[in-house]
Amino acid sequence: MSITAQSANEPAAMKKLDVVTYGEAMTMFVAAETGDLAKAKNFIKRAAGAELNVATGLARLGFQVGWMSRVGKDSFGRYVLETLANEGIDSDAVTIDERYPTAFQLKSRNDDGSDPEIEYFRKGSAASHLSVADYRPEYFKAARHLHLSGVAPAISESSLELAFHIATEMRAAGKSITFDPNLRPTLWRSRELMVDRLNALASYADWVLPGLEEGRILTGLTTPREIADFYLARGALGVIIKLGSSGAYLRTAEQEATVPAPLVTNVVDTVGAGDGFAVGVISALLDGHEPRLAVERGNQIGAMAIQVIGDSEGLPTREQLNQ
């Protein structure tokens with residue numbers, strides 16, 4: 001696939017994007033020392049967000065990626081915009097909100113593979129005020145693929161409405177869609193609402209990418225095959241279920257396989273592994289590879305992501321991927 005460089009000043013209607021997504025980016029402060037977050041005195045600043053991680057990974061692989069959001073007119077917002085520019089992610093659809101702030105989070109440093117402690121400060125953020133009014137059809141429809149996660153729809157009612165609007169519009173325009181449920185139960189009013197809305201959103205996707213436990217929560221079913229069949233029956237072309245160190249389960253109407261993951265002996269930070277997996281799957285499908293090879297690449301990039309500290313630091317360039 002040939003990627004053509006485009007001017008940052010080119011009008012959005014003229015841009016041709018490979019992938020577009022939307023979500024909330026937060027400034028993240030990662031403790032410099034391991035241990036209890038309360039005792040940390042020094043922090044390293046990063047940008048974080050599930051959809052932003054995927055956008056970053058795809059941009060590093062050479063794809064033209066657009067990301068839509070709202071950030072505050074504050075230093076955190078400027079930092080997010082600088083991060084987008086440094087990663088080569090198009091930010092023409094990002095609104096600078098003068099009323100509401102950019103969210104941030106604190107994250108403990110764990111280098112033993114255990115889940116870090118994370119504290120979020122996002123209530124009332126600029127991104128939580130995303131709504132259908134932010135949707136720009138000419139921008140989204142310039143892309144050939146849409147990636148959605150379950151995080152952005154969870155941050156507010158208006159953002160949930162926006163997710164369905166985008167999915168409906170892109171589906172009608174014949175664009176391909178991936179959906180990673182990326183469950184955040186604490187952001188929803190109830191588990192029942194989360195299950196209902198995310199399953200409804202998944203019905204717009206060509207590819208659904210849950211983790212095994214996420215699939216069990218969303219479907220009430222147990223095995224990867226049962227979970228996959230649940231989404232295939234609702235219109236998905238394929239379902240890929242992440243199985244952690246066991247790899248991933250692939251099911252389409254034509255094939256079924258469990259694809260093993262690379263052996264990783266130095267698991268450092270598991271946050272961002274699922275986003276890395278999505279990067280691998282989406283990039284391979286856009287490259288024209290068949291689904292099993294897409295799952296193999298998802299496993300490969302997911303394995304790379306968990307071997308370094310940080311949500312996106314382990315996401316490779318094209319050259320690093322091919323080494």
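No experiment lies behind these values; they were computed from the predicted model shown. Below, all heavy atoms of this structure are taken into account, side chains as well, without hydrogens, waters or symmetry copies. Position 1 is the first residue of the sequence; numbering continues from there.
Phe104 is not connected to Leu84 by any chain of hydrophobic side-chain contacts under 4.5 Å among Ile, Leu, Val, Met, Phe, Trp and Tyr, and they are in different clusters. Connection of Leu183 to Phe164 is established within a shared hydrophobic cluster, with ILVMFWY side chains joined at heavy-atom distances below 4.5 Å, either directly or through further cluster members. Val151 and Ile282 end up in different hydrophobic clusters when Ile, Leu, Val, Met, Phe, Trp and Tyr side chains are linked at under 4.5 Å. A chain of hydrophobic side-chain contacts below 4.5 Å, direct or via other Ile, Leu, Val, Met, Phe, Trp or Tyr residues, connects Leu243 to Tyr231. Tracing side-chain contacts under 4.5 Å through hydrophobic residues (I, L, V, M, F, W, Y), one never reaches Leu232 starting from Leu237; they form parts of separate clusters.
Between the side chain of Ser108 and the backbone N or O of Leu37 there is no donor-acceptor pair closer than 3.5 Å. For the pair Glu24 (side chain) and Ala103 (backbone), a donor-acceptor distance under 3.5 Å is absent. Judged by distance alone, with hydrogens and angles left aside, the side-chain atoms of Lys141 form no donor-acceptor pair with the main-chain N or O of Ala173 at under 3.5 Å. Between the side chain of Arg46 and the backbone N or O of Phe29, no donor-acceptor pair lies under 3.5 Å. Under a 3.5 Å cut-off, the side chain of Arg234 and the backbone N or O of Phe230 do form a donor-acceptor pair. The main-chain N or O of Glu192 is never found under 3.5 Å from a side-chain atom of Asp196 such that the two would form a donor-acceptor pair. With Asp180 contributing its side chain and Asp275 its backbone, the two residues share no donor-acceptor pair below 3.5 Å. Panel note: side chain Ser158, backbone Leu130; a donor-acceptor pair is recorded below 3.5 Å. Using a distance-only test at 3.5 Å, with no hydrogens or angles considered, a donor-acceptor pair links the side chain of Thr317 to the main chain of Gln320. Looking only at distances, a side-chain donor or acceptor of Gln307 sits under 3.5 Å from a matching main-chain atom of Ala303.
Looking at heavy atoms from C-beta onward, Ile241 lies in side-chain contact with Val239 at the 4.5 angstrom threshold. The closest side-chain heavy-atom distance from Arg197 to Pro153 is not below 4.5 Å. Ile118 places a side-chain heavy atom less than 4.5 Å from the side chain of Val271. Two residues are said to be in side-chain contact when any heavy atoms from C-beta on lie closer than 4.5 Å; Met28 and Ile44 fail this criterion. Using a 4.5 Å heavy-atom threshold, the side chains of Val80 and Met26 count as separate. The side-chain heavy atoms of Arg60 and Val279, taken from C-beta on, include no pair separated by under 4.5 Å. At least one side-chain heavy atom of Phe121 sits under 4.5 Å from a side-chain heavy atom of Leu106. Proximity of Val20 to Val65: side-chain heavy atoms (C-beta onward) are nowhere separated by under 4.5 Å.
Gly23 and Trp67 get closest at one heavy-atom pair: O-CZ2, 3.5 Å. Pairing each heavy atom of Leu52 with each of Ala47, the nearest pair is CD2-CB, 4.0 Å. Nearest heavy-atom pair, Gly124 versus His129, reported as atom, atom and distance to 0.1 Å: O-CE1, 3.7 Å. Across Ile301 and Pro316, no two heavy atoms sit closer than the pair CG2-CD, 3.8 Å. The heavy-atom pair separating Pro181 from Leu218 by the smallest distance is CB-CD1, 3.7 Å. The two atoms that bring Ser245 and Ala261 nearest to each other are O-CB, 3.8 Å, heavy atoms only.
Annotation for Leu285: hydrophobic cluster partners, listed by chain and number, are Trp207, Leu209, Ile240, Leu250, Val259, Phe277, Val281, Val295 (ILVMFWY side-chain heavy atoms under 4.5 Å, direct or chained). Other residues sharing the hydrophobic cluster of Leu263, ordered by chain and number and joined by side-chain separations under 4.5 Å: none, the residue standing alone.
With sequence neighbours left out, the side chain to side chain donor-acceptor pair (under 3.5 Å) criterion links Glu290 to no other residue. Partners of Arg216 according to the side chain to side chain donor-acceptor pair (under 3.5 Å) rule, which considers only residues two or more places apart in sequence or in another chain, do not exist here.
Put simply, OG1 on Thr21 and CE on Met68 are 9.0 Å apart, with the number rounded to the nearest 0.5 Å. Atom CG in Asn266 sits 8.0 Å away from atom CD1 in Ile306 (nearest 0.5 Å). With rounding to the nearest 0.5 Å, the separation of CG in Leu315 from CD in Glu87 is 8.5 Å. We find the CZ-CZ distance between Phe43 and Arg109 to be 12.5 Å, quoted to the nearest 0.5 Å. Note: Glu161 CD to Ser131 OG = 7.5 Å, rounded to the nearest 0.5 Å. Atom CE of Met170 and atom OH of Tyr204 lie 14.0 Å apart (nearest 0.5 Å).
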Taking it one step at a time, do Glu213 and Lys242 satisfy salt bridge (charged side-chain N to carboxylate O under 4.0 Å, His left out)? CA-CA 9 Å; Glu213 187 56 32; Lys242 292 162 281 190; over 6 Å; no
Side chain to side chain donor-acceptor pair (under 3.5 Å) for Arg144 and Ser176? Distances and angles first, verdict last. CA-CA 7 Å; Arg144 57 192 177 114; Ser176 59; over 6 Å; no
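Inspection of the Asn182 and Arg184 side chains reveals an N or O donor paired with an N or O acceptor under 3.5 Å. A donor atom on one side chain and an acceptor atom on the other are found under 3.5 Å apart for Tyr22 and Ser159. Under the 3.5 Å distance criterion, with hydrogens and angles disregarded, no donor-acceptor pair is assigned to the side chains of Asp90 and Gln64. No side-chain donor-acceptor contact under 3.5 Å links Thr178 and Asp206. In summary, the side chains of Glu51 and Ser149 do present a donor paired with an acceptor at a separation below 3.5 Å, with no hydrogens or angles considered. With hydrogens and angles left out, the side-chain atoms of Thr219 and Glu226 include no donor and acceptor closer than 3.5 Å.
Cation-pi check for Arg122 over Tyr120 is met; the charged atom lies under 6.0 angstrom from the ring centroid and within 45 degrees of its normal.
Around atom CG of Leu221, more than 12 heavy atoms belonging to other residues, nucleotides or ligands sit under 6.0 Å away.
Ion pairing of Lys107 with Asp311 is present here, as a side-chain N (NZ or NE/NH1/NH2) and a carboxylate O approach within less than 4.0 Å. By the 4.0 Å N-to-carboxylate-O rule, Glu33 lies too far from Lys41 to be salt-bridged with it. Salt-bridge check for Arg318 with Asp287: passed, with a basic side-chain N closer than 4.0 Å to an acidic carboxylate O.
Residue pairs meeting the salt bridge (charged side-chain N to carboxylate O under 4.0 Å, His left out) criterion with at least one partner in residues 244-254, sequence neighbours excluded, are Asp229-Arg251, Arg251-Glu256.
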Please tabulate, for side-chain N and O atoms in residues 70-78, each donor-acceptor pair with protein atoms closer than 3.5 Å (sequence neighbours left out).
from	atom 1	to	atom 2	distance (Å)
Arg70	NE	Asp97	OD2	3.2
Arg70	NH1	Asp134	OD1	2.4
Arg70	NH1	Asp134	OD2	3.4
Arg70	NH2	Asp97	OD2	3.4
Asp74	OD1	Phe76	N	3.4
Asp74	OD1	Gly77	N	2.7
Asp74	OD1	Thr102	OG1	2.8
Asp74	OD2	Thr102	N	3.0

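Under the 30°/60° scheme for interplanar angles, the aromatic rings of His165 and Tyr135 are found to stand perpendicular.
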